[in-house]
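Everything on this sheet refers to the single structure shown next.
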Amino acid sequence: MEMILTKQPKFLLKRHHLPLLRHFCTEHNSPLPQVSESSIIITQALDVLLQTPDNEWTSSPQIKNLLFSSTSLSPQLFFQITRRFPSSSRALSFFNFLQSNLPTEANTSSLSYAYQAVFELAIRERMSPESLFDLYKACKDQNIPLSINSATLLIRFFGKVSMYDYSLLVYNELDNNLRNTHVRNVLIDVLLRCDHDRDAFNVLDEMLDRESQFPVNELTGDIVFYALMRREHVKNSVTDEELVGLVSKFAEHGVFPNAVWLTQLITRFCRKGKTDEAWDVLHVLMKFDAPLEAASCNALLNALGREGDFKRMNQLFTEMKENDIEPSVVTFGTIINRLCKLYRADEALEVFEKMIAGKETAEISVEPDVIIFNTLIDGLCKVGKQEEALGLIEQMRLRLQKGCMPNAVTYNCLINGFCKSGNIEKGLELFHLMKQEGVTPNVVTLNTLVDGMCRHGRINSAVEFFQEVTRKGLCANAVTYTILITAFCNVNNFQEAIKWFDDMSRAGCSADSVVYFTLISGLCQAGRMNDASLVVSKLKEAGFRPDIVCYNHLISGFCKKKMLDKAYEVLQEMEDIGMTPNSVTYNTLISFLSKSGNFSAARRVLKKMVKEGLVPTVVTYGALIHAFCVNGHVDEAMKIFKELSSSSNVSPNTVIYNILIDSLCKNNQVELALSLMEEMKVKEVRPNTNTYNAMFKGLRQKNMLDKAFKLMDRMIEHACHPDYISMEILTEWLSEAGQTEKLKKFVQGYAVSAAPA
DNA sequence: CTAGGGTTAG
């Protein structure tokens, strides 16, 4: 805005005065005065004017001669003279002098410009807004029309002092044909800066009209788009759908948002899950042939990929070609990354091959970079193709390009791939190889190896490796400690878990919330609620807050220890800080209460849950069904199950069937259990090992061998793994029954069916 | 583009 203010005279001369000057020239049939010539007149006139007292100007023939001879007469000249007065008050005297002495035919515009100079001086003198408004009223009362620049000057000035209603007043009192695009832009800018969006949009609306006399221009677009982008945190006065409409209306006038703005908008839409709006805005712009860049399309591609919408990804990619939007490395990187994330590494490789082929036929002019390679390597590792990933490293080295050599990320991805598959040795080998190749391992390398070792039961090696690497100067971070704490919690070594937690701060490593959450959840699951509560206080002291999952862990832990009061205390705390419990919270309580036979309390919690607008989930029903079963009310459990089956929103899953089948078998109702198994088949709910185990137990009691054989066949058919429980039951039973042959076939049959799976 | 926690029913 400052820029426009300081550039104003030049702007004024160029855009608004030239036609006027030309007009005067033709009328007087004389050439335009040269700049030097006019500046001489200005200097001379000012000299005389400033030396003569204001009230003697009228009687000075020299002044009249200098100012009103026909060759020098021009509004521009009067403007230049007026603005050189040392104060607005003397400039105003000069204006009054001009008003009484100017020949009538030149009057209006000269006076308008002279008054503009008065406004300029007044503002420079930091005149109070009220006095400036008086000056404006005086101008108005004398029927002197505002010049365009006076109008913008005043609108901007009142806007700056947050008196936007004065800005609006000046605009509204302006002559209709003076309310041009420029003035409107200034007003809209002022109004949007004061957050008076509605007034701004009223002005904008007329400009956006198809037949508008003063349509929007590039600057209008900049002002409006920029203001709307700043609004992110505030409740927007424009909905996202309206924003799309607005962009569309601007586009009709050939005004388009720039690439950076558009990319931000699309990213914002996508983050909010409004992919359709993002799609629409991009396609509106394509329709109007707006200049578009790959970055904006990439943002949308990324979101579509996250939603797994490959149909629209393909469509957008095709449209980019049709609209001459050259795909960038990021475009390919995005597509490859999305495919990799969905474990479709083969397709990602196909895209990569096409990219390289396109480069050779000059169809595509982008080279794969190290990120593309790393993405592919990671994607291949995630589907267990570590060796193939290793092969890509060779391709990278062969490229001989700057920026394509394997870096730490490349090695980290590979190390992770091998470690996760249990090949820790290969991970370590790569660790040494990278150092040999001059690639420095970083904290991710350390964490990847430590995690790999821990996950494969080698905690001691992990700790040794940690000590060795950190001794050599690599600094561990919160992730390192989370990995170790998780590992020790998993083997129920809470003493060590807590020791590492304490070590972290001693080592000067600052903990993040995940470290706390990890330890708390570990302690809760083990029922060590005193320790868990202590860590919660430390978490709060460190300035963090438990999240909903953490609170749920605590409630679950207290329930496990039958400390119902404490569980309710946690629930109360959640509500006190304004955190809404979710269905997991309620399910935890319902499960505990009903399992301990307190069905009335369970019902109260269920009612509260529904009152909060939460719907009972399959877990809620499972908890109740389980509770009725363990409390000896299988009939009651079946009643809930029947209700569940007839309602459409929740359908029973494997766990529900397993509970019921197990209970029915234990209650001598094997036939009913078998009928549930048939129902699972019809409803396409997959039985798992637990289902079969429950059935085998029940069938054995009744010695229903034929049925068991049938189930064994089905188990093989569905490639459902028997576990040690299945084997124990069947081995005992079938040996007793003299059916070892059948057992053998079962084991073999499984081996055969497992091969293709 | 790489590393960590993730709660409820069997």
Side-chain angles (χ1 to χ4, degrees), chain A residues 329-330 333-334 336-337 340-341 369-379 381-382 406-417 419-420 441-452 454-455 476-487 489-490 511-522 524-525 546-557 559-560 581-592 594-595 609 616-630 637 652-663 688-691 693-694:
Chain A
V329 204
V330 181
T334 304
I336 290 171
N337 185 25
C340 286
K341 285 272 146 42
D369 60 2
V370 67
I371 295 181
I372 299 253
F373 275 106
N374 290 348
T375 310
L376 280 167
I377 287 172
D378 188 51
C381 286
K382 293 264 152 75
N407 60 16
V409 177
T410 320
Y411 283 100
N412 291 344
C413 293
L414 280 164
I415 291 171
N416 189 40
C419 281
K420 286 274 152 68
N442 59 22
V443 68
V444 179
T445 323
L446 164 67
N447 294 345
T448 305
L449 279 158
V450 169
D451 190 51
C454 288
R455 277 175 203 261
N477 65 10
V479 177
T480 326
Y481 288 95
T482 304
I483 292 166
L484 288 165
I485 291 167
T486 307
C489 284
N490 284 340
D512 61 13
S513 56
V514 177
V515 186
Y516 289 95
F517 292 157
T518 304
L519 185 56
I520 293 166
S521 86
C524 285
Q525 280 169 311
D547 64 357
I548 183 121
V549 177
C550 187
Y551 275 122
N552 289 344
H553 270 125
L554 286 163
I555 291 175
S556 164
C559 284
K560 241 173 244 158
N582 61 15
S583 55
V584 176
T585 321
Y586 290 117
N587 288 343
T588 307
L589 286 163
I590 291 168
S591 166
F592 170 72
S594 56
K595 222 184 296 175
M609 175 176 176
T617 66
V618 69
V619 179
T620 321
Y621 288 107
L624 289 170
I625 289 171
H626 183 221
F628 280 117
C629 286
V630 296
N653 61 11
T654 308
V655 177
I656 303 253
Y657 279 105
N658 288 356
I659 300 167
L660 284 168
I661 288 171
D662 188 53
S663 300
N688 60 20
T689 313
N690 291 332
T691 326
N693 289 351

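Quick caveat, the model's predicted, so the values are computed rather than measured.
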Legend entry - Range on DNA chain B touched by chain A - first to last nucleotide, heavy-atom distance under 4.0 Å: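 Endpoints of the contacted stretch of DNA chain B: B:dC1 to B:dG10.
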Listed partners of [X] passing side chain to side chain contact (heavy atoms under 4.5 Å, CB included), at least two apart:
X      : answer
A:T585 : A:I548, A:N552, A:I555, A:L571, A:M574, A:P581, A:N582
A:V630 : A:K595, A:H626
A:N490 : A:T486

Inset, instruction - Not counting sequence neighbours, which residues clear ring-ring contact (aromatic ring centres under 6.0 Å, His included) with A:Y411? List them please. - result: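 Once residues adjacent in sequence are excluded, A:Y411 has no partner under the ring-ring contact (aromatic ring centres under 6.0 Å, His included) criterion.
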What nucleic acid atoms does [X] come within less than 4.0 Å of, heavy atoms only: base, sugar-phosphate, or nothing?
X      : answer
A:D512 : base
A:D378 : sugar-phosphate
A:A408 : nothing
A:N688 : base
A:V450 : nothing
A:N653 : base

Legend entry - A:L484 side chain near A:V450 side chain, heavy-atom distance below 4.5 Å: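 SC-SC contact between A:L484 and A:V450 confirmed.
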Legend entry - Counterpart residues, salt bridge (Lys or Arg N to Asp or Glu O under 4.0 Å), relative to A:D451 (two or more places apart): A:K420, A:R455
